[in-house]
**Q** 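Structure provided below as structure tokens; questions to follow.
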Amino acid sequence: MRTRQKTRSHLAWAAARLMAEQGIDDPQQALNKAAARLGQTDRRQLPEPDEVDAALIEYNRLFRPAMQSAELDRQRVLALEAMEFLAEFDPRLTGAALDGTAGRHSSITLQVFADAPEEVMRKLLDAHVPFRETSCRCRLRGENTTLPALSFYVDETPMELCIFPATAAGRAAAAGNREGGASIRELRTLLGRAAGTENGETD
């Protein structure tokens, strides 16, 4: 049992290092790459993505505290600006910018809610924001589902919008994601605490 846990920890750390140094956003992708490099073929030995995220936070704390903290704040500010622009779609911040693992190569991930994807597209088009149509996956009504998504850049940082149906089922699916989600108000509070400590400001 101890040997298995040691292997899991070693793989989680190796995957976290790949995420930090090579800009891999997806813990599972980094884990697969780390396992291949280390010759680990037994899938039962692989740690969960949450373990990789925890290792990444620890890696950044030990080796890149100032750089990672500044990049995390920068991405959260960009996310807040985008969310305020998209406020009519009740955006939620998820992913690395929320859980604290964001690095210089990370993308900002937002969930938005609309009756039709074209509504979000129109909002971006009216603001002359070039975007690319992509997709994202989640569980909706108990089944794995592919949802429309939009990809674009803000201040040279990639941003992904996953478009959920503006229905009770859509909101339940978004809330059930592993990362959870932060609203505009919650992100303002998160940034306000950090900024208030440094600049002497309060909410």
**Q** To the nearest 0.5 angstrom, please state how far the OG1 atom of T146 sits from the CZ atom of R137.
**A** 4.0 Å
**Q** Identify the heavy atoms of A14 and A34 that sit nearest to each other, and give their distance.
**A** CB-CB, 3.9 Å
**Q** Going from CG on D99 to OG1 on T94, what distance comes out if it is rounded to the nearest 0.5 angstrom?
**A** 9.0 Å
**Q** Measure the shortest side-chain to side-chain distance between R92 and I184 over non-hydrogen atoms and say whether it is less than 4.5 angstrom.
**A** no
**Q** Got a second to check how far M83's CE is from E186's CD, nearest 0.5 Å?
**A** 8.5 Å
**Q** CG of D26 to CD1 of I24: how many Å apart, nearest 0.5 Å?
**A** 9.0 Å
**Q** Would you mind checking if E119 and R122 are paired as a salt bridge, meaning a charged N to carboxylate O distance below 4.0 Å?
**A** no
**Q** Any link between I57 and L72 through a network of hydrophobic side chains (Ile, Leu, Val, Met, Phe, Trp, Tyr) touching at under 4.5 Å?
**A** no
**Q** So R76 and E71, salt bridge (Lys or Arg N to Asp or Glu O under 4.0 Å) or not? Walk me through it.
**A** CA-CA 9 Å; R76 285 175 171 172; E71 180 60 26; over 6 Å; no
**Q** Do R8 and L11 pass the side chain to side chain contact (heavy atoms under 4.5 Å, CB included) test, and can you show the C-alpha distance, the side-chain angles, and the key distance before you say yes or no?
**A** CA-CA 5 Å; R8 289 171 68 95; L11 284 167; 5.9 Å; no
**Q** Determine whether R37 and L18 make a side-chain contact, defined as any pair of heavy atoms from C-beta on separated by less than 4.5 Å.
**A** yes
**Q** Is there a path from V112 to L80 through hydrophobic residues (I, L, V, M, F, W, Y) whose side chains come within less than 4.5 Å of each other?
**A** yes
**Q** Quick one: does P47's side chain get under 4.5 Å of L31's, heavy atoms only?
**A** yes
**Q** In the structure I gave you, are the side-chain heavy atoms of M121 and L150 within less than 4.5 Å of one another anywhere?
**A** yes
**Q** For a quick test of reading the model, state the closest non-hydrogen atom pair linking A12 to A55 and the distance between them.
**A** O-CB, 3.6 Å
**Q** How many angstroms lie between atom CD1 of I163 and atom CZ of F89, to the nearest 0.5 angstrom?
**A** 8.5 Å
**Q** Under the side chain to side chain contact (heavy atoms under 4.5 Å, CB included) rule, what do L125 and F131 come out as? Steps first, then yes or no, please.
**A** CA-CA 8 Å; L125 288 171; F131 61 84; 3.7 Å; yes
**Q** Within the 4.5 Å heavy-atom criterion, are Q111 and R171 side-chain neighbours or not?
**A** no
**Q** Under a 4.5 Å cut-off applied to non-hydrogen side-chain atoms, are L93 and T109 in contact?
**A** no
**Q** Starting at CG of L98, measure out to CG of L187 and round the result to the nearest 0.5 Å.
**A** 8.0 Å
**Q** Look at E88 together with K123 and state whether they make a salt bridge at an N to O cut-off of under 4.0 Å.
**A** yes
**Q** Counting only heavy atoms not in R17, do more than 12 sit closer than 6.0 Å to its CZ atom?
**A** no
**Q** Shared ILVMFWY cluster between L190 and M159, side chains joined below 4.5 angstrom?
**A** yes
**Q** Evaluate the side-chain hydrogen bond (donor to acceptor under 3.5 Å, both in side chains) criterion for residues R74 and T157: first the C-alpha distance (whole Å), next the side-chain angles of each, then the deciding distance (0.1 Å), finally the verdict.
**A** CA-CA 10 Å; R74 187 187 75 85; T157 299; 2.7 Å; yes
**Q** Would you find a donor on one side and an acceptor on the other, under 3.5 Å apart, between the side chain of E51 and the backbone of E48?
**A** yes
**Q** Going only through I, L, V, M, F, W and Y residues with side-chain contacts under 4.5 Å, is there a path from Y153 to V129?
**A** no
**Q** Are V154 and I108 connected into the same hydrophobic cluster when the rule is that any two of I, L, V, M, F, W, Y join if their side-chain heavy atoms are below 4.5 Å apart?
**A** yes
**Q** Taking all non-hydrogen atoms of both residues, which atom of M19 and which atom of P27 are closest, and how far apart?
**A** SD-CA, 3.9 Å
**Q** Is the shortest heavy-atom distance from the side chain of Q75 to the side chain of S106 under 4.5 Å?
**A** yes
**Q** Please say whether the positively charged group of R132, taken as NZ for Lys or CZ for Arg, lies over the ring of F152, i.e. under 6.0 angstrom from the six-membered ring centre and within 45 degrees of the axis.
**A** no
**Q** Are the side chains of D50 and V52 in contact, using a 4.5 Å heavy-atom criterion?
**A** no
